[in-house]
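Here the structure is laid out as structure tokens; the discussion comes afterwards.
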Amino acid sequence: MNFLPEVFSNNSAMVNGELVIGGCKATSLAKEFGTPLFVIDENDFKSRINGWKNALNSNFGSSAGEVYYASKSFVSVEVAKWIAEAGIGIDVCTGGELAVALAANFPANRIEVHGNNKSEAEIAKAISVGVAKIVIDSMQEIERVDRLAKAAGKVQNVLLRITPGVEAHTHEAISTAHEDVKFGFSIASGAAWKAIIATQSASNLALEGLHCHIGSQIFENEGFILATQKLLELSAKFRDEFKSELSELDLGGGYGIAYLAGDKTFDPNQVMAALAELVKSECNRHNLKVPKISIEPGRAIAGPTTTTLYEVGTTKDVELEGGKTRRYIAVDGGMSDNIRPGLYGAKYSALLANRTSTSTGINSRLVGKHCETGDIIIREIDLPSDVAPGDILAIPATGAYGRSMASNYNHMLKPAVISVANGSARTILRRESEADLLALDVVEAPRTIK
Ligand SMILES: *Cc1c(COP(=O)(O)O)cnc(C)c1O
């Protein structure tokens with residue numbers, strides 16, 4: 001239960017026994033904004049954006065493409081503005097995410113559009129605002145994007161999402177590049193090559209290059225290496241066939257971050273240096289010019305910057321077999337603001353944020369307030385035996401796939417997201433109200449539908 005600097009945002013510290021983030025006391029934030037609360041360390045967020053941008057630029061030089069922030073990890077209009085101001089791109093995969101980017105006046109020529117089942121309306125909107133590129137994911141989509149670009153009188157820059165057949169070492173639910181997945185065109189089955197041919201013969205598509213994203217929360221390099229090798233091999237085949245070279249290679253995101261004691265967040269510079277070396281040697285081997293290299297980190301930017309604050313409501317001791325006991329500590333949020341433990345067994349750490357305790361640790365389970373046994377935030381953790389109602393618990397590294405995956409289960413109100421920096425705090429996404437929830441309920445006269 002000690003403060004672990006490796007899992008908290010850069011500008012977090014324990015000061016006089018209290019957690020302080022961006023110069024603001026956790027207890028004061030909880031009092032001012034309520035709990036559960038997502039607290040973003042704004043300066044940390046901005047420095048992580050720059051960390052990835054500088055790492056790509058310095059290691060790839062003139063062949064540096066774009067860093068596209070994966071907005072699905074967490075986005076709001078304010079965050080999209082931070083991304084835009086830093087001069088990097090953004091990756092969106094629904095009309096909703098695109099709407100947020102556009103509301104932030106995000107330059108369309110730095111927006112990349114993903115998704116394995118984009119609607120015609122989403123594609124048409126993307127084309128009409130002039131997005132940098134659309135990443136095509138299926139044969140039907142080649143026809144759709146081509147037809148809609150033609151209707152708009154445009155030639156759309158596209159990438160093809162390729163499945164290189166890589167088993168990334170992460171949970172199945174967030175592993176995306178082995179053969180048996182819904183994403184992309186597989187190389188092994190010949191689908192990738194067919195997609196390339198079809199795209200080349202589509203009059204209103206300009207094939208810029210290939211894309212792959214092998215999964216999320218990855219720590220081993222082999223997956224990235226194998227994927228890069230396979231995609232450059234395919235790029236060489238393209239050159240042999242079409243006598244011209246693809247100009248871009250987008251290697252996706254997936255860089256792992258620290259959640260538990262002793263974990264290490266990927267260092268952008270180390271990752272990009274290794275990638276640059278690999279790309280250069282593979283291009284050499286195939287006698288290819290080094291294409292523009294783009295990447296799409298989401299978790300690695302947003303994840304470490306945010307801490308969730310909860311207030312403890314109840315504690316309960318439960319007898320286990322063999323005479324042991326487990327203490328259930330229930331907080332005022334749960335699976336509606338953090339579904340990752342329930343969805344794929346993700347693990348988190350916790351910190352008593354409002355005081356220091358000298359009590360011994362006791363075998364505890366941190367749970368939420370939902371009507372589900374599986375509403376567990378931390379399955380197994382030693383928490384001080386004197387943790388009691390009214391205490392504030394901090395869960396670090398909740399910036400990615402926390403608020404963005406939040407639900408209204410049990411009609412819970414999605415928590416506020418606040419940004420802290422240099423002793424000031426401000427709301428960037430307000431807490432939902434009961435009025436927000438009730439606004440969706442309508443009483444409509446029946447209409448005849450035939
Ligand atoms: C989810 C996703 C990302 C971001 O993944 P992280 O693990 O958050 O870095 C990037 N690209 C694509 C296509 C994705 O689906």
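- Side chain of Ser364 to main chain of Ile362: a donor-acceptor pair is present (N/O by atom type, distance under 3.5 Å, no hydrogens or angles).
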Atom pairs and distances, donor-acceptor, side-chain atoms in residues 58-66, under 3.5 Å, two or more places apart:
residue	atom	partner	partner atom	Å
Ser58	OG	Asn54	O	2.9
Asn59	ND2	Ala55	O	2.9
Asn59	ND2	Asn269	OD1	3.2
Ser63	OG	Phe60	O	2.9

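- Atom NZ of Lys154 has more than 12 heavy atoms from other residues, nucleotides or ligands within 6.0 Å.
- Counting only N and O atoms by type, the side chains of Asp337 and Tyr310 include a donor and acceptor under 3.5 Å apart.
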Which atom pairs, donor and acceptor, lie under 3.5 Å between side-chain atoms of residues 257-264 and protein residues at least two apart or in another chain?
residue	atom	partner	partner atom	Å
Tyr259	OH	Arg299	NH1	2.7
Asp263	OD2	Tyr259	N	3.0
Asp263	OD2	Leu260	N	2.9

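- Looking only at distances, a side-chain donor or acceptor of Arg327 sits under 3.5 Å from a matching main-chain atom of Ser385.
- Counting only N and O atoms by type, the side chains of Thr325 and Asp317 include no donor and acceptor under 3.5 Å apart.
- A centroid separation of less than 6.0 Å is found between the aromatic rings of Phe224 and Tyr255.
- Counting only N and O atoms by type, the side chains of Glu6 and Thr265 include no donor and acceptor under 3.5 Å apart.
- Ile293 has its side chain within reach of Val279: a pair of non-hydrogen atoms, C-beta onward, lies under 4.5 Å apart.
- A donor-acceptor contact closer than 3.5 angstrom is absent between the side chains of His211 and Glu248.
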Can you list, pair by pair, the side-chain donor-acceptor contacts under 3.5 Å of residues 20-35, counting residues two or more places apart and other chains?
residue	atom	partner	partner atom	Å
Thr27	OG1	Glu18	OE1	2.7
Thr35	OG1	Asp332	OD2	2.5

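- Between the Arg365 side chain and the Arg379 main chain, a donor and an acceptor come within less than 3.5 Å of each other.
- The pair Arg326-Glu319 does not meet the salt-bridge criterion, since no charged nitrogen lies less than 4.0 angstrom from a carboxylate oxygen.
- Side-chain N/O atoms of Glu432 and Asn408 include a donor and acceptor closer than 3.5 Å.
- Remark: Ser71 pairs with Glu97 by the side-chain hydrogen bond (donor to acceptor under 3.5 Å, both in side chains) rule, at least two apart or across chains.
- Residues Pro164 and Cys212 meet the side-chain proximity criterion, which asks for heavy atoms closer than 4.5 Å.
- A salt bridge links Glu78 to Arg426: at least one charged side-chain nitrogen sits closer than 4.0 Å to a carboxylate oxygen.
- Counting non-hydrogen atoms of neighbouring residues, nucleotides and ligands closer than 6.0 angstrom, the NZ atom of Lys46 exceeds 12 such neighbours.
- Under the side-chain hydrogen bond (donor to acceptor under 3.5 Å, both in side chains) criterion, Arg110 pairs with no residue, sequence neighbours left out.
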Report all side-chain donor-acceptor pairs from residues 409-422 shorter than 3.5 Å, counting only partners two or more places apart or in another chain.
residue	atom	partner	partner atom	Å
Tyr409	OH	Glu372	OE2	3.0
Asn410	OD1	His370	ND1	2.9
Asn410	OD1	Cys371	N	3.1
Ser419	OG	Glu42	OE1	2.5
Asn422	OD1	Asn43	ND2	3.4

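- For the residue pair Ser9 and Asp41, a side-chain donor N or O sits within less than 3.5 Å of a side-chain acceptor on the partner.
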